[in-house]
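Heads up: the structure comes next, in structure tokens.
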Number of protein chains: 2
Amino acid sequence: MIEQPAPRSPTLEDVARVAGVSRSTVSRVINGVRNVDRELQETVRSAVAETGYVPNQAARSLVTKRTGSVALVVSEAEHRTFDDPFLGRVFTDPFFGRLVSGIFGELRPRRVNLMLMLTETDEARNQLVDYLRQGHVDGVMIISTHADDPLPRLLTESGLPAVLSRRPSRPMPISYVDADQQAGAALAAECLAARGCKRVATISGPMDMPASRERLDGFREAMARHGHAFIPSAEGNFTQESGERAVAELLAQYPDIDGLFAANDLMAQGALLALHDRGIAVPGRVAVVGFDDSSAAKACRPPLTTVHQPIEDMAAEMARLLLAHIEDRQLRATARIFEPTLVVRGSA
Amino acid sequence: MIEQPAPRSPTLEDVARVAGVSRSTVSRVINGVRNVDRELQETVRSAVAETGYVPNQAARSLVTKRTGSVALVVSEAEHRTFDDPFLGRVFTDPFFGRLVSGIFGELRPRRVNLMLMLTETDEARNQLVDYLRQGHVDGVMIISTHADDPLPRLLTESGLPAVLSRRPSRPMPISYVDADQQAGAALAAECLAARGCKRVATISGPMDMPASRERLDGFREAMARHGHAFIPSAEGNFTQESGERAVAELLAQYPDIDGLFAANDLMAQGALLALHDRGIAVPGRVAVVGFDDSSAAKACRPPLTTVHQPIEDMAAEMARLLLAHIEDRQLRATARIFEPTLVVRGSA
DNA sequence: ATGAAAGCGCTAACAG
DNA sequence: CTGTTAGCGCTTTCAT
């Protein structure tokens with residue numbers, strides 16, 4: 001047996017030699033350019049099969065300046081607290097899974113790949129921008145939760161195609177997708193008002209997140225329209241545990257609450273649990289409305305009446321927008337706002 | 001104002017010109033090779049800052065044959081059923097979030113990036129292998145749920161560094177991480193037996209998943225050791241709804257069950273709900289044990305006694321193993337088995 | 001310690 | 001319709 005030659009993987013050149021044509025012809029066949037003779041196409045194809053050729057992505061990117069990948073960046077504030085032990089709490093929220101699903105639905109058919117990135121510190125954010133500028137990806141979707149997150153601006157300035165998962169805190173030329181948070185919260189208010197609730201309270205999300213503020217404002221405004229001047233609130237952090245805690249606080253101050261709006265389903269679930277532990281009937285004594293219509297909503301007793309956000313659709317739209325920006329670098333910033341709807345189940 | 005030149009991003013050559021040195025010297029400084037004069041290093045560094053240079057990853061990969069990224073592939077069977085509407089059910093399982101967290105914890109400090117990929121069809125799997133062979137990533141972590149999944153073998157054959165998230169169904173030279181499923185299930189059995197449960201049943205996962213089988217076998221064997229010859233089981237699909245359904249089936253046939261082991265927490269949660277709806281006290285009349293110790297376990301009433309798997313640790317180990325294989329292509333296949341523990345809460 | 005030069009594997013003008 | 005050629009931006013011998 002003779003020593004094998006180095007197991008170098010086949011290149012275009014190798015295929016060309018086997019097919020008896022030039023490198024460019026092989027390249028044309030592979031990239032589906034029409035101007036190639038039928039017969040030659042076949043010859044080339046079998047040469048490809050014979051050699052087991054696959055194109056080298058690095059070489060290709062080097063000349064096309066395209067990678068065929070986009071990034072999904074989850075940008076969080078750096079806050080590791082007692083109830084927030086590990087990095088990337090987002091990942092464990094059912095919200096995230098739906099988001100990824102929606103994105104994949106759009107990306108996969110186009111054979112675009114997804115890079116998942118997480119930044120929690122300013123240092124990481126700066127590194128990230130550098131990294132992205134190295135041309136690892138063609139564009140970025142940013143899931144940014146905090147109002148003062150510098151990342152949207154950094155990326156806008158970098159000139160890389162980017163789409164944001166919410167309205168930017170300050171006006172900037174970046175495309176984004178969002179749900180009408182205020183309208184959604186108003187839906188919850190209408191529901192509670194329609195039931196005749198008189199003493200309504202709310203569990204808000206962290207006040208440094210725009211979505212939390214908007215839901216709180218939207219809820220209060222809508223309740224005000226129904227004559228409720230004051231709506232007490234307790235702040236949670238979108239986890240189930242924080243929902244339990246918040247209810248405890250609220251009940252301590254206002255024991256006769258008869259309606260409750262939680263800014264997401266996980267907290268609403270926590271609220272339901274806490275209410276149940278205290279023997280308070282839902283919706284009999286307290287009606288509860290959540291937000292998100294996540295999987296948690298159906299896992300509750302009673303099942304949660306909640307505000308539905310079309311997360312998958314929003315995520316898909318985010319992906320489409322990004323792809324459009326990559327295709328046309330001149331495309332101007334666009335906003336897509338989705339309307340939430342109320343899903344009535346058992347809790348209100 | 002004169003027309004600006006094309007806004008081409010700076011290259012090594014540009015930096016070299018500004019610094020008054022050669023391209024190679026700049027390259028050396030950037031890649032931290034020692035043999036460079038102190039002063040020159042400074043000159044180069046400021047030239048880099050001045051020009052705003054960032055290395056081009058494609059060019060670099062082309063010569064180094066490294067990308068600095070690894071892939072996390074989620075390989076699922078193609079089964080879209082009525083209760084399984086969208087792709088990637090895995091993503092919405094709290095399990096997945098913990099996995100990603102654990103992986104990131106290991107990858108981030110080393111500045112390795114994560115590509116997320118999903119394959120549900122055989123076609124997609126073949127495409128995937130081609131894609132990976134194009135050199136998009138340096139290695140692959142495979143989350144494969146189904147016993148007959150061809151992907152582990154395909155990737156093993158491709159020669160790409162790869163690590164599997166469970167023991168391979170058939171022996172093959174691939175590194176993997178797993179929890180001792182049988183031992184975990186046995187823990188659940190001991191717990192139920194110790195409580196004095198006499199009529200015990202179990203909700204299994206899909207029988208085409210090795211983990212489901214192993215948990216079922218482990219549970220039955222351990223119960224047999226305690227004198228229980230027959231353990232009825234109903235098959236679920238790891239979702240909460242399927243847990244509810246399974247309990248209904250079980251109860252219809254065996255109304256006097258007093259102990260229940262569910263193969264994951266989501267199904268256990270469903271079981272708790274179904275039991276509650278029927279006015280059956282837990283753990284009073286039926287003791288329930290879950291598996292995973294996921295976030296769902298604490299969101300139940302009563303909170304779930306469950307078998308803890310150190311998912312984050314396992315995921316971190318998976319990442320470490322992969323990195324080791326990338327570093328040393330000769331490294332032989334290694335297995336790491338983690339021991340589950342029982343977490344006693346309220347349900348048993 | 002530094003520079004010159006040779007590619008890495010591919011695409012895209014440009015000729016023919 | 002096909003082949004030739006010139007790079008893409010970087011790392012890495014090899015000289016010096």
Side-chain angles (χ1 to χ4, degrees), chain A residues 5-45 47-48 51-69 130-136 138, chain B residues 5-45 47-48 51-69 130-136 138:
Chain A
R8 186 180 53 80
S9 65
T11 72
L12 263 194
E13 197 68 48
D14 299 326
V15 181
R17 199 174 316 113
V18 170
V21 298
S22 79
R23 198 164 49 184
S24 354
T25 301
V26 181
S27 175
R28 287 187 185 104
V29 172
I30 289 187
N31 293 300
V33 180
R34 327 169 239 310
N35 303 333
V36 177
D37 184 273
R38 282 292 189 194
E39 283 195 40
L40 265 193
Q41 290 203 29
E42 269 322 301
T43 320
V44 169
R45 263 185 247 289
V48 166
T51 52
Y53 169 81
V54 282
N56 175 314
Q57 181 58 33
R60 186 178 267 179
S61 291
L62 184 54
V63 35
T64 60
K65 280 143 181 17
R66 282 288 196 92
T67 65
S69 314
D130 275 357
Y131 176 82
L132 294 175
R133 286 186 53 214
Q134 300 186 7
H136 260 105
D138 300 332
Chain B
R8 185 180 53 79
S9 67
T11 72
L12 263 194
E13 196 72 77
D14 299 328
V15 180
R17 200 174 313 114
V18 171
V21 298
S22 79
R23 199 165 46 182
S24 348
T25 302
V26 181
S27 175
R28 288 188 185 104
V29 172
I30 288 187
N31 294 300
V33 180
R34 332 167 234 308
N35 303 333
V36 178
D37 184 272
R38 282 291 191 196
E39 284 195 41
L40 265 192
Q41 290 202 27
E42 268 321 301
T43 320
V44 169
R45 266 186 245 289
V48 167
T51 52
Y53 170 80
V54 282
N56 175 314
Q57 181 57 36
R60 185 177 268 179
S61 290
L62 185 55
V63 34
T64 59
K65 284 153 182 8
R66 282 289 196 93
T67 65
S69 315
D130 275 357
Y131 176 83
L132 294 175
R133 287 186 52 215
Q134 299 185 11
H136 260 105
D138 300 332

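What you are looking at is a predicted structure, and each value in this text was computed from that prediction instead of being measured. Every chain is numbered from 1 and lettered A, B, ... according to where its sequence line falls, protein lines coming before strand lines.
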* Asked: If the sugar-phosphate is the primed atoms plus P, OP1 and OP2 and the base is the rest, what is the B/S/- string for nucleotides 3-11 of chain D, using protein heavy atoms under 4.0 Å?
  -> BBBB-BBBB
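Taking NZ of A:K65 as the reference point, atom CZ of A:R60 lies at 15.0 Å (rounded to 0.5 Å).
A 4.5 Å side-chain heavy-atom check between A:Q134 and B:N56 finds every atom pair outside the cut-off. Side-chain contact between B:T43 and B:L40 is present, with heavy atoms from C-beta onward closer than 4.5 Å. Between B:V18 and B:V48 the shortest side-chain heavy-atom distance does not fall below 4.5 Å. In this structure, B:N31 and B:S27 have side chains that are in contact, with non-hydrogen atoms separated by less than 4.5 Å. Residues A:Y53 and A:I30 have side chains in contact (heavy-atom distance under 4.5 Å, counting atoms from C-beta outward).
Here A:R17 pairs with A:E13, A:D14 under the side chain to side chain contact (heavy atoms under 4.5 Å, CB included) rule; sequence neighbours left out.
Relative to the axis of its first five pairs, the axis of the last five pairs of the helix from C:dA1-D:dT16 to C:dG16-D:dC1 sits at 40°, rounded to 10 degrees.
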